[in-house]
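Everything below concerns the one structure shown next.
The model shown is predicted, which means the values in this text are computed figures rather than measured ones. Values below: every heavy atom of this structure, side chains too, minus hydrogens, waters and symmetry copies.
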Amino acid sequence: MNKTYRWVRRAVWGTLAVVCTMGCNPLTTIAFLTHKDVKIPAEFPLTYKEGPKKDKEEIVVALFVSQGTGQSYEFAGADTALANEIVKKLPEMIKETKQKQKLTVLTTAQVNKFKMKNPNWRLMHATERGKQLGADFVLDISLDKMNLYQPGSQNSFYEGRADVTVYMYDVEDSAGDGEPMNSYSQGFAYPKTGFLDATSKPVSAFRREFLERLAVELCHRHVEYKPSSGIAEGR
């Protein structure tokens with residue numbers, strides 16, 4: 001084994017160690033180091049692999065995003081902002097990975113129009129909402145314990161956090177008894193590398209990045225994606 005080979009091997013493993021400390025997905029890290037265009041599968045895919053809708057050309061998704069009470073004023077309108085990001089990013093990921101089924105996510109305006117026509121929409125089961133909107137799947141997303149600053153720092157450092165709960169409903173197959181086909185909860189933190197000096201950027205810019213990254217992580221749960229940009233996005 002010559003010295004050049006040993007040096008290269010050490011450099012590769014050194015890079016791997018550094019990247020892993022950033023909290024990246026191992027598959028993303030491997031793809032980054034080997035330059036292979038690996039696709040990461042979705043845990044809860046918005047697609048039909050069997051049944052009468054298997055060959056359906058277009059899948060329609062309806063989003064309902066809500067916030068818990070007592071959130072700080074910095075997160076006013078965060079539910080709408082997050083929904084808009086997901087509406088944009090989900091179809092982009094589908095297109096990037098060249099999946100067969102087209103994915104259409106109803107816009108926030110379309111969902112808001114439905115809410116205005118149905119003042120008691122909160123009392124409706126998610127599958128009923130989905131049927132009235134012509135959706136195949138409904139994602140019911142709840143945001144809680146949202147914060148932009150490191151606790152105890154007197155707003156000197158950014159350390160965004162949120163607790164997120166997602167309920168996924170198949171409009172056709174769900175029984176309508178309140179049970180979703182899939183559900184999960186996750187604690188979200190941004191940036192992955194720790195915290196940022198609050199003087200480094202305006203709070204509006206950090207809030208935007210926080211919600212954009214949260215949208216990406218949620219999208220990754222539901223559609224396969226390429227890991228090529230994952231390391232950069234982890235920040």
Side-chain angles (χ1 to χ4, degrees), residues 22-25 28 40 42-44 46 61-96 103-112 115 137-151 153 155-168 183-235:
M22 295 168 61
C24 299
N25 185 306
T28 300
I40 309 300
E43 188 174 0
F44 307 111
L46 292 165
V61 179
L63 291 176
F64 288 87
V65 184
S66 61
Q67 295 188 68
T69 58
Q71 304 297 321
S72 62
Y73 72 91
E74 292 97 345
F75 284 107
D79 49 351
T80 299
L82 179 64
N84 287 337
E85 285 295 327
I86 296 175
V87 167
K88 179 177 67 174
K89 294 182 185 301
L90 273 176
E92 287 177 352
M93 291 180 184
I94 288 287
K95 185 176 180 180
E96 185 181 28
L103 187 69
T104 296
V105 187
L106 298 179
T107 66
T108 304
Q110 289 173 303
V111 174
N112 286 342
K115 291 178 179 179
F137 294 100
V138 173
L139 291 180
D140 211 336
I141 303 171
S142 176
L143 307 173
D144 200 12
K145 298 182 181 178
M146 303 178 76
N147 201 346
L148 289 181
Y149 297 98
Q150 185 182 66
S153 72
N155 295 357
S156 297
F157 296 100
Y158 292 132
E159 188 180 45
R161 293 189 177 276
D163 286 347
V164 187
T165 303
V166 179
Y167 297 98
M168 175 180 170
S183 65
Y184 60 91
S185 297
Q186 72 176 62
F188 173 74
Y190 177 84
K192 298 293 187 184
T193 51
F195 55 88
L196 291 176
D197 189 328
T199 62
S200 63
K201 62 185 66 180
V203 64
S204 58
F206 181 75
R207 176 184 182 272
R208 182 175 62 253
E209 292 175 3
F210 173 88
L211 293 173
E212 286 176 352
R213 184 56 203 172
L214 175 56
V216 169
E217 289 207 4
L218 293 176
C219 289
H220 285 175
R221 289 291 193 108
H222 298 285
V223 295
E224 67 176 12
Y225 62 96
K226 292 183 179 180
S228 53
S229 62
I231 292 176
E233 289 172 344
R235 282 195 275 274

* **T80 and its side chain to side chain contact (heavy atoms under 4.5 Å, CB included) partner, picked from T108, N112, V65** => T108
* Asked: Say you draw a straight line from CG of L214 to CG of L82; how long is it, rounded to the nearest 0.5 Å?
  -> 5.0 Å
* Compare all side-chain heavy atoms of C219 with those of I86 and state whether any distance is below 4.5 angstrom. => yes
* For Y167 and S183, work out which heavy atoms get closest and say how close. => CD2-CB, 3.6 Å
* Only counting residues at least two apart or in another chain, list the ones meeting salt bridge (Lys or Arg N to Asp or Glu O under 4.0 Å) with D140. => R129
Tabulate below the donor-acceptor pairs under 3.5 Å that side-chain atoms of residues 88-95 make, not counting sequence neighbours, or state none.
none

* salt bridge (Lys or Arg N to Asp or Glu O under 4.0 Å) against E217, all qualifying residues, sequence neighbours excluded -> K192, R213
* With sequence neighbours excluded, residues passing side chain to side chain contact (heavy atoms under 4.5 Å, CB included) with A81 -> L211
* Closest non-hydrogen atom pair between F195 and F157, with its separation -> CD1-CD2, 3.5 Å
* Does a side-chain heavy-atom distance below 4.5 Å link P151 with E159? -> yes
* Which residues share a ring pair (Phe, Tyr, Trp, His ring centres under 6.0 Å) with F44, sequence neighbours left out -> Y184
* Considering residues at least two apart in sequence or located in another chain, which fulfil the side chain to side chain donor-acceptor pair (under 3.5 Å) criterion with D144? -> Q71
* Is the distance between the ring centroids of Y158 and Y149 under 6.0 Å? -> yes
* To do: Just jot down the side chain to side chain contact (heavy atoms under 4.5 Å, CB included) partners of S66, sequence neighbours excluded, or say none.
  => S142
* To do: State which residues pass salt bridge (Lys or Arg N to Asp or Glu O under 4.0 Å) with R207; sequence neighbours excluded, sorted by chain then number.
  => none
* To do: For residues A42 and R221, report the shortest heavy-atom separation together with the two atoms involved.
  => CB-O, 3.7 Å
* ring pair (Phe, Tyr, Trp, His ring centres under 6.0 Å) involving F210 - partner list, sequence neighbours excluded -> F75, F188
* Structure fact -> Value for CG (L148) from CZ (R161), rounded to nearest 0.5 Å, stands at 12.0 Å
* Which residues pass the salt bridge (Lys or Arg N to Asp or Glu O under 4.0 Å) test with R208, sequence neighbours left out? -> none
* Asked: Listed by chain and number, what are the side chain to side chain contact (heavy atoms under 4.5 Å, CB included) partners of V111, not counting sequence neighbours?
  -> F64, L106, K115
* Note, V164 side chain near L143 side chain (heavy atom, < 4.5 Å) -> yes
* Structure fact -> Rounded to the nearest 0.5 Å, the OG1 atom of T104 sits from the CD atom of Q110 at a distance of 9.5 Å
* **Within-4.5 Å side-chain heavy-atom neighbours: V166 and H222** => yes
* To do: Determine the minimum heavy-atom distance between L46 and M168, stating which atoms define it.
  => CD2-CE, 3.7 Å
* Distance from K145 atom NZ to D163 atom CG, nearest 0.5 Å? -> 5.5 Å
* Asked: Which residues pass the side chain to side chain donor-acceptor pair (under 3.5 Å) test with E74, sequence neighbours left out?
  -> S72
